[in-house]
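Take a look at the structure set out below.
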Amino acid sequence: QVQLVESGGGLVQAGGSLSLSCAAAGRTFSNYAVAWFRQAPEKERVFVSAISRGGSGTYYADSVKGRFTVSRDNANSTVFLQMTNLKPEDTAVYYCAADMGPWGRTSPLQYNYWGQGTQVTVSS
């Protein structure tokens, strides 16, 4: 098993930036594909970005492509999500998820391990 803890959320004005972190503990972190999801109030949890085990492969939802960057530091068991040019529609609870299956999957049902989430609020 792996335990995940997100941090870095907060309140930011439209056009601003935030950097989220997902710290992992437990099994060898490099064995896990990782993804970020977000969930706005009264909406489903949706895919944001994914990163391969070694970090060379990344994938983004169209809504964040060109604005968000995912990366990972396996030596420190951490995944990052750098968010720039934030928009009010980016407001949501952001979750990181991990799984030992293939990387790049976009359904939350395909991930077995989840953090508790961190709130991102973008004001207009």
### Query
Can you list the steps and then say if D90 with R67 is a side-chain contact (heavy atoms from CB on, under 4.5 Å)?
CA-CA 11 Å; D90 294 318; R67 300 188 297 121; 2.7 Å; yes
### Query
So, R45 versus Q39: side-chain donor-acceptor pair below 3.5 Å or not?
yes
### Task
Could you please spell out the steps behind the side-chain contact (heavy atoms from CB on, under 4.5 Å) verdict for L18 and V120?
CA-CA 8 Å; L18 279 176; V120 172; 3.9 Å; yes
### Chi angles and distances behind the side-chain contact (heavy atoms from CB on, under 4.5 Å) call for W36, L20
CA-CA 10 Å; W36 288 94; L20 305 184; 3.8 Å; yes
### Task
Would you name the heavy atoms of V93 and G117 that are closest together and state the gap between them?
CG1-CA, 3.8 Å
### D99 side chain vs N112 backbone, donor-acceptor pair below 3.5 Å
yes
#### Entry: Backbone N/O of G9 and side chain of T118: donor-acceptor pair under 3.5 Å
yes
### Query
What closest approach, in Å, do Q82 and S17 show between heavy atoms, and which atom pair accounts for it?
NE2-CB, 4.1 Å
### Same apolar cluster: V12 and L81, side chain cutoff 4.5 Å
yes
### Message
Nearest 0.5 Å, please: how far is OG in S21 from CG in D73?
### Response
10.0 Å
### Message
Determine whether a donor-acceptor pair (N or O, by modelled atom type, separation under 3.5 Å) exists between the side chain of N85 and the backbone of G16.
### Response
no
### Task
Write down the atom of P88, the atom of S124, and the distance for their closest heavy-atom approach.
CG-CB, 3.8 Å
### Message
side-chain contact (heavy atoms from CB on, under 4.5 Å), that's the test. Do V46 and R38 meet it? Break it down for me.
### Response
CA-CA 5 Å; V46 297; R38 66 187 183 187; 3.9 Å; yes
### Task
Group every Ile, Leu, Val, Met, Phe, Trp and Tyr by side-chain heavy-atom contacts under 4.5 Å, then state whether V48 and Y60 land in the same group.
yes
### Query
Same cluster for L86 and V70 if Ile/Leu/Val/Met/Phe/Trp/Tyr side chains link at under 4.5 Å?
yes
### Message
For residues V79 and F68: do they belong to one hydrophobic cluster (side chain heavy atoms under 4.5 Å, members Ile, Leu, Val, Met, Phe, Trp, Tyr)?
### Response
yes
### Query
Is the CZ atom of F80 crowded by more than 12 outside heavy atoms at less than 6.0 Å?
yes
### Task
Is it possible for you to check whether R72 lies under 6.0 Å from the centre of the six-membered ring of Y32, through NZ or CZ, and within 45° of that ring's axis?
no
### Query
Say you draw a straight line from CG of L4 to OG of S77; how long is it, rounded to the nearest 0.5 Å?
10.0 Å
### Message
Between K65 and D62 (salt bridge meaning N to carboxylate O under 4.0 Å), is one present in this structure?
### Response
yes
### Task
Search all heavy atoms of A40 against all heavy atoms of A92 and return the closest pair with its distance.
N-CB, 3.8 Å
### Message
To check you understand the geometry: which heavy-atom pair defines the closest contact between G104 and A50, and what is its length?
### Response
CA-CB, 3.8 Å
#### Entry: Joint hydrophobic cluster, V34 plus V5, side-chain heavy atoms closer than 4.5 Å
no
### Between OH on residue Y94 and CD on residue E6, distance to nearest 0.5 Å
12.5 Å
### Query
Donor-acceptor pair, S30 side chain versus T28 backbone, under 3.5 Å?
no
### Message
Show the nearest heavy-atom pair for residues A24 and V2, with the distance to one decimal.
### Response
CB-CG2, 3.8 Å
### Task
Classify the angle between the aromatic ring planes of W114 and F37 as parallel (below 30°), tilted (30 to 60°) or perpendicular (above 60°).
tilted
### Task
May I ask you to decide if A35's main-chain N or O and Y95's side chain share a donor-acceptor pair within less than 3.5 Å?
no
### Message
Ignoring hydrogens and geometry beyond distance, is a side-chain donor-acceptor pair present between E89 and T91 at under 3.5 Å?
### Response
no
